[in-house]
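Letters go in sequence order (proteins before strands), and every chain restarts at 1. Note that the structure is a prediction, hence the values are computed from the model and not measured.
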Protein chains: 2
Amino acid sequence: MRPYSQVIEQLRNAGLRPTRQRLALAKLLFENSPRHVTAETLHAEAQAASVPVSLATVYNTLHQFTDAGLLREVVIDPQRSHFDTTTTNHGHFYFEETGTLQDIPASDVVLAKMPSLPAGTKATSVEVVVRLSAN
Amino acid sequence: MRPYSQVIEQLRNAGLRPTRQRLALAKLLFENSPRHVTAETLHAEAQAASVPVSLATVYNTLHQFTDAGLLREVVIDPQRSHFDTTTTNHGHFYFEETGTLQDIPASDVVLAKMPSLPAGTKATSVEVVVRLSAN
DNA sequence: ATGGTACATTAGAAATGATATAAGATGTTG
DNA sequence: CAACATCTTATATCATTTCTAATGTACCAT
């Protein structure tokens, strides 16, 4: 059994070597997928799991995974970047008090129609963001 | 004719004095509304218009206007915050190459239904973001 | 397999850049 | 004029990026 053969394959396709750090972070990310992390929270998790990895490497890895299509960056928090293991278009709830994210079930977000795009452009993502505060 | 009576009124309602700087920034913002700015671009505009105002004041003013409901903060760019003179819920195109924003006509963004919210929360905004790259 | 070489990757520290804060100077209101 | 808000400049903060030396990895030839 080779639990990461798929991730390894995707890393190779992206020209990324399957290093110890990348595999450890991939394990944390995808073993409990779907989930959302920030560089800080993932770094803290790695430390807690006794995976020695520097914060700079966490940042690099998150961006490399994003470029490789394994993650999606979610820009929703003015303070920090979030990353999502679900890479298909979908919406998010953002809890303003806690700064955490939650996926909106795809069935709950239905765009009646796709807006017509400016000439010469193509859409790289379509996202619906609902900001929430305590009631 | 008092071109800013409305803005002055709204500032007063928010407990903000209509100072020279605030009125000058309001003029830049709302005279060519609807529009989008960042702290940097608005500061540069003020300088160009010979309105001496510090960058710190621009930041403060943008947030005060946002709290007063005159502006809306748009979180869409991992690098900086954008502010929009249109405060009602609406969508944005984000041009990844240039980092600029453009409103999506409201008629073009129609949510088939509002997602059901987690218990104990209320939505403070609903936004649709379409990221664009060159075709 | 083994050793070697080129190159990718990592870590830690330092740099960067947007934004926030502090303290003193200035403006505004009553 | 007194009380207080606002502005400015400089400084602080914090997330993120960059730099550089050390280390790891892949590929090649033996």
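- In this structure, B:F65 and B:F30 have parallel ring planes: the angle between them is below the 30° cut-off, well short of the 60° mark.
- Residue A:H63 is in sugar-phosphate contact alone, with no base atom involved, counting any heavy-atom pair closer than 4.0 Å across all strands shown.
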Review item, side-chain donor-acceptor pairs of residues 47-57 of chain A, under 3.5 Å, at least two apart:
| from | atom 1 | to | atom 2 | distance (Å) |
| --- | --- | --- | --- | --- |
| A:Q47 | NE2 | A:H43 | NE2 | 3.4 |
| A:Q47 | NE2 | A:V53 | O | 3.4 |
| A:S54 | OG | A:T57 | N | 3.2 |
| A:S54 | OG | A:T57 | OG1 | 3.0 |

Base-contact (B) and sugar-phosphate-only (S) positions in nucleotides 1-13 of chain C, heavy-atom cut-off under 4.0 Å, - elsewhere: -------SSSBB-
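- In terms of heavy atoms, B:A26 sits closest to B:V7 at CB-CG1, 3.8 Å.
- Applying the side chain to side chain donor-acceptor pair (under 3.5 Å) test to pairs two or more places apart or on separate chains, those with a residue in residues 11-25 of chain B are B:R22-B:Q64.
- Among residue pairs with one or both ends in residues 83-102 of chain A, none qualify as salt bridge (Lys or Arg N to Asp or Glu O under 4.0 Å); sequence neighbours excluded.
- Non-hydrogen atoms lying under 4.0 Å from DNA chain D are contributed by nothing in residues 66-86 of chain B.
- For B:E40 and B:R12, each mapped to the nucleotide of DNA chain C holding its nearest heavy atom, the one lying further toward the 5' end belongs to B:E40.
- Axis deviation across the helix from C:dA1-D:dT30 to C:dG30-D:dC1 amounts to 30°, comparing end segments of five pairs, rounded to 10 degrees.
- Note on residues 100-110 of chain B: pairs passing salt bridge (Lys or Arg N to Asp or Glu O under 4.0 Å), not counting sequence neighbours, are A:K113-B:D108.
- When the salt bridge (charged side-chain N to carboxylate O under 4.0 Å, His left out) test is applied to A:E73, no partner is found at least two apart in sequence or on another chain.
- With sequence neighbours excluded, the residues forming a side chain to side chain contact (heavy atoms under 4.5 Å, CB included) with A:V129 are A:I76, A:E127, A:R131, listed by chain and number.
- On the nucleic acid side, DNA chain D contacts chain B at distances under 4.0 Å to non-hydrogen atoms, with the end points of that region at D:dA5 to D:dT9.
- The hydrophobic clustering, which links ILVMFWY residues whose side-chain heavy atoms are closer than 4.5 Å, places B:I104 and A:V126 together.
- Looking at residues two or more places apart in sequence or on another chain, you find a side chain to side chain donor-acceptor pair (under 3.5 Å) between A:T100 and A:T98.
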Walk me through it: do A:H92 and A:H36 pass the test ring pair (Phe, Tyr, Trp, His ring centres under 6.0 Å)? CA-CA 11 Å; A:H92 286 105; A:H36 306 95; 5.1 Å; yes
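- Listed by chain and residue number, A:R80 satisfy the salt bridge (charged side-chain N to carboxylate O under 4.0 Å, His left out) test with A:D77 (two or more places apart in sequence, or in another chain).
- No donor-acceptor pair under 3.5 Å is formed between the side chain of A:K122 and the backbone N or O of B:L132.
- Checking the phosphate oxygens (OP1, OP2) of C:dA20, no side-chain nitrogen or oxygen of B:Y59 falls inside 4.0 Å.
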